[in-house]
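Numbered from 1 within each chain, the chains take letters A, B, ... in sequence-line order.
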There are 2 protein chains.
Amino acid sequence: MATGRTHRPATRSRGIPEATVARLPLYLRALTALSERSVPTVSSEELAAAAGVNSAKLRKDFSYLGSYGTRGVGYDVEYLVYQISRELGLTQDWPVVIVGIGNLGAALANYGGFASRGFRVAALIDADPAMAGKPVAGIPVQHTDDLEKIIKDNGVSIGVIATPAGAAQQVCDRLVAAGVTSILNFAPTVLSVPDGVDVRKVDLSIELQILAFHEQRKAGEETAAGDGALTAAAPRGAAADHSADQGPDGDVPAVMPA
Amino acid sequence: MATGRTHRPATRSRGIPEATVARLPLYLRALTALSERSVPTVSSEELAAAAGVNSAKLRKDFSYLGSYGTRGVGYDVEYLVYQISRELGLTQDWPVVIVGIGNLGAALANYGGFASRGFRVAALIDADPAMAGKPVAGIPVQHTDDLEKIIKDNGVSIGVIATPAGAAQQVCDRLVAAGVTSILNFAPTVLSVPDGVDVRKVDLSIELQILAFHEQRKAGEETAAGDGALTAAAPRGAAADHSADQGPDGDVPAVMPA
DNA sequence: CCATCTTTGTGCACGCGTTCACAAAGACAT
DNA sequence: ATGTCTTTGTGAACGCGTGCACAAAGATGG
């Protein structure tokens, strides 16, 4: 019984570690910003700071893609942007559908970060007949009945689920049956999918709960004996010490492969 | 654990691995569902399936919290719900503020998953004067000018940033200065914070990019034979010139002349 | 052409997280 | 009480990811 086991037997030989893949978009974002400022080249140290990671890690990440740097100089920004984009598959157009046009679905439809990265919202789908035809973010909402046709007509392979938890699995099943092989799930449910289908989930309340855990620990520690170095006071220089600790675990993605 | 022998070094650091903490909300959600169905006990196997994880992992995770199970029977659902809630700090009320009431901020304000987990939206804050006073999700939006006062009056320690990228760092600085020590960041920026402040980030477009990577790999694999390199296929022009060696996807680790 | 300086690319070691496999612990039947 | 059966809790092995430290590679200047 496959409970969404997206177990990948690893990328056979040409394996780019998952952790690296998860950071590539981060580098790409930083590089794009540099590109817009017409910066020609960047060192691993500078780029790492901009992306909020360790420079050694960045260099190792890039080494999986190939030797795209020049020793003594750094990396060519434009070239690297292209290489990473290609590696991530962003040089092609990815039509996506968003299912469940409630508050969150509508926000996602309006989110500009998609279009700017090669993702195109091909359709918005909702189960409420009253929503049908109503435009959201300039796109008319279509009814769930037409889900299969929409997927096929648009060649959609990536679906976003923003429905209530109760409807998620059913929607997921229909998406998969219609040909979708990658799903971004915002519903607070564990989705069950066949092999070959990737699921990533984002659960907003989970993120807050993790923060609450650490928050509680901080609060408890100040009463405990060990005053040590964790007292609030916190040096506010901030900027000085770059490479700031981005969270307790630096990198644990807010999202995990399901 | 039951057999004396408590880790001495773990006493103070409360050693619960980050990976485990990140899964506790998952277990809690599954347990809550069982609780609502009045299921009295559950085995690690069943609960693991419901949470979408491996049963051995679940048992090890719980072992960090203590011995809350009964061998031969399983775990008491209600008791476990309480233990995990307490461990996560959800038995207390956490007032949070949401800064940036655009599409996403409004969706977050309306999101029901917060209140049901002990989080209370204490205030909505936006920089647009036109928004001030306007109710969103039944809560009147307040202006950024009052940010510090709002934080202090409500004893807020958790802040959610849903502003445009350009404003995020500035908002973050003000939140931290006002006393916030945990931040959930939705803006596509690396935030710089002093020690002692936790930041977790959620970037929707990054998730899609990761899916696109795997999607591309799936598409490429079906053309390639069982092994070997991924055939270029260069989906849409953009074929750069430097094709020669590394080209499309060549084997990355070059030969080491040593 | 040689010396020096900068920055990449990576071998290596370490620590965390995952998984296996099994002894210990308790429930339950006889 | 004793034996059997179920399920937990965990020791140990393994694999992945991270960070250090340095040699190789190329730029730059004399």
Side-chain angles (χ1 to χ4, degrees), chain A residues 5 7-11 15-24 26-27 40-49 51-77 79-80 83 243 245-253 256-257, chain B residues 1-7 9-10 13 15-24 27 40-49 51-77 79-80 83 246 251-258:
Chain A
R5 301 281 325 168
H7 217 128
R8 89 189 85 279
T11 323
I16 296 181
E18 266 306 300
T20 294
V21 172
R23 281 188 293 268
L24 290 182
L26 225 53
Y27 302 143
T41 62
V42 64
S43 71
S44 65
E45 203 70 48
E46 295 166 330
L47 184 55
V53 304
N54 179 297
S55 71
K57 193 186 295 185
L58 178 142
R59 288 198 300 276
K60 180 146 291 192
D61 282 342
F62 286 176
S63 78
Y64 291 115
L65 308 183
S67 291
Y68 295 145
T70 303
R71 300 182 187 220
V73 175
Y75 299 91
D76 181 280
V77 173
Y79 185 52
L80 204 46
Q83 289 300 339
S243 75
D245 61 65
Q246 197 68 1
D249 53 312
D251 208 35
V252 167
M256 336 173 205
Chain B
M1 304 290 207
T3 18
R5 291 285 303 174
T6 44
H7 282 228
S13 65
I16 297 181
E18 265 306 302
T20 295
V21 172
R23 280 188 294 268
L24 289 182
Y27 302 143
T41 62
V42 65
S43 70
S44 64
E45 204 69 49
E46 295 166 330
L47 184 54
V53 304
N54 179 296
S55 72
K57 192 187 294 186
L58 177 143
R59 287 199 301 276
K60 176 141 290 190
D61 282 342
F62 286 176
S63 78
Y64 292 116
L65 307 183
S67 291
Y68 296 146
T70 303
R71 300 182 188 221
V73 176
Y75 299 90
D76 181 280
V77 173
Y79 185 53
L80 204 45
Q83 290 299 340
Q246 295 294 23
D251 8 351
V252 186
V255 222
M256 268 289 286

From S55(B) OG over to L58(B) CG, what is the distance, rounded to the nearest 0.5 angstrom?
7.5 Å

Measuring from atom CD of Q83(B) to atom CG of D76(B), what distance do you get when rounded to the nearest 0.5 angstrom?
10.5 Å

Between CG of L47(A) and C1' of dT7(C) the distance, given in whole Å, is 14 Å

Can you tell if the side chain of L24(A) reaches within under 4.5 Å of the side chain of L65(A), non-hydrogen atoms only?
yes

Across all chains, not counting sequence neighbours, the ring pair (Phe, Tyr, Trp, His ring centres under 6.0 Å) partners of F62(B) are Y27(B), Y75(B)

Side-chain contact, heavy-atom cut-off 4.5 Å: V53(B) with R23(B)?
yes

Rounding to an integer number of Å, can you tell me how far L58(A) CG sits from dG17(D) P?
16 Å

Calculate the interatomic distance between Y68(B) atom OH and dT10(D) atom P; express it in whole Å.
12 Å

Taking C-beta and beyond as the side chain, do T41(B) and T70(B) meet within less than 4.5 Å on heavy atoms?
no

In this structure, OG of S43(B) is separated from CZ of R59(B) (nearest 0.5 Å) by 9.0 Å

Enumerate all atom pairs, one protein N or O and one N or O from nucleotides 21-23 of chain D, separated by less than 3.5 Å.
{"residue": "dA21(D)", "atom": "N6", "partner": "R59(A)", "partner atom": "NH2", "Å": "3.4"}

Of the non-hydrogen atoms in G15(A) and P17(A), which two are nearest, and what is the gap between them?
O-CD, 3.6 Å

Protein N or O to nucleotides 13-18 of chain C N or O, pairs below 3.5 Å:
{"residue": "dT18(C)", "atom": "OP1", "partner": "R23(B)", "partner atom": "NH1", "Å": "2.9"}
{"residue": "dT18(C)", "atom": "OP2", "partner": "R23(B)", "partner atom": "NH1", "Å": "3.3"}
{"residue": "dT18(C)", "atom": "OP2", "partner": "R23(B)", "partner atom": "NH2", "Å": "2.8"}

Taking the side chain of Y75(A) as heavy atoms from C-beta outward, which of dC20(D), dG9(C), dA27(C) is closest to it?
dG9(C)

On the nucleotide dT8(C), are OP1 or OP2 found under 4.0 Å from the side-chain N or O atoms that S44(A) carries?
yes

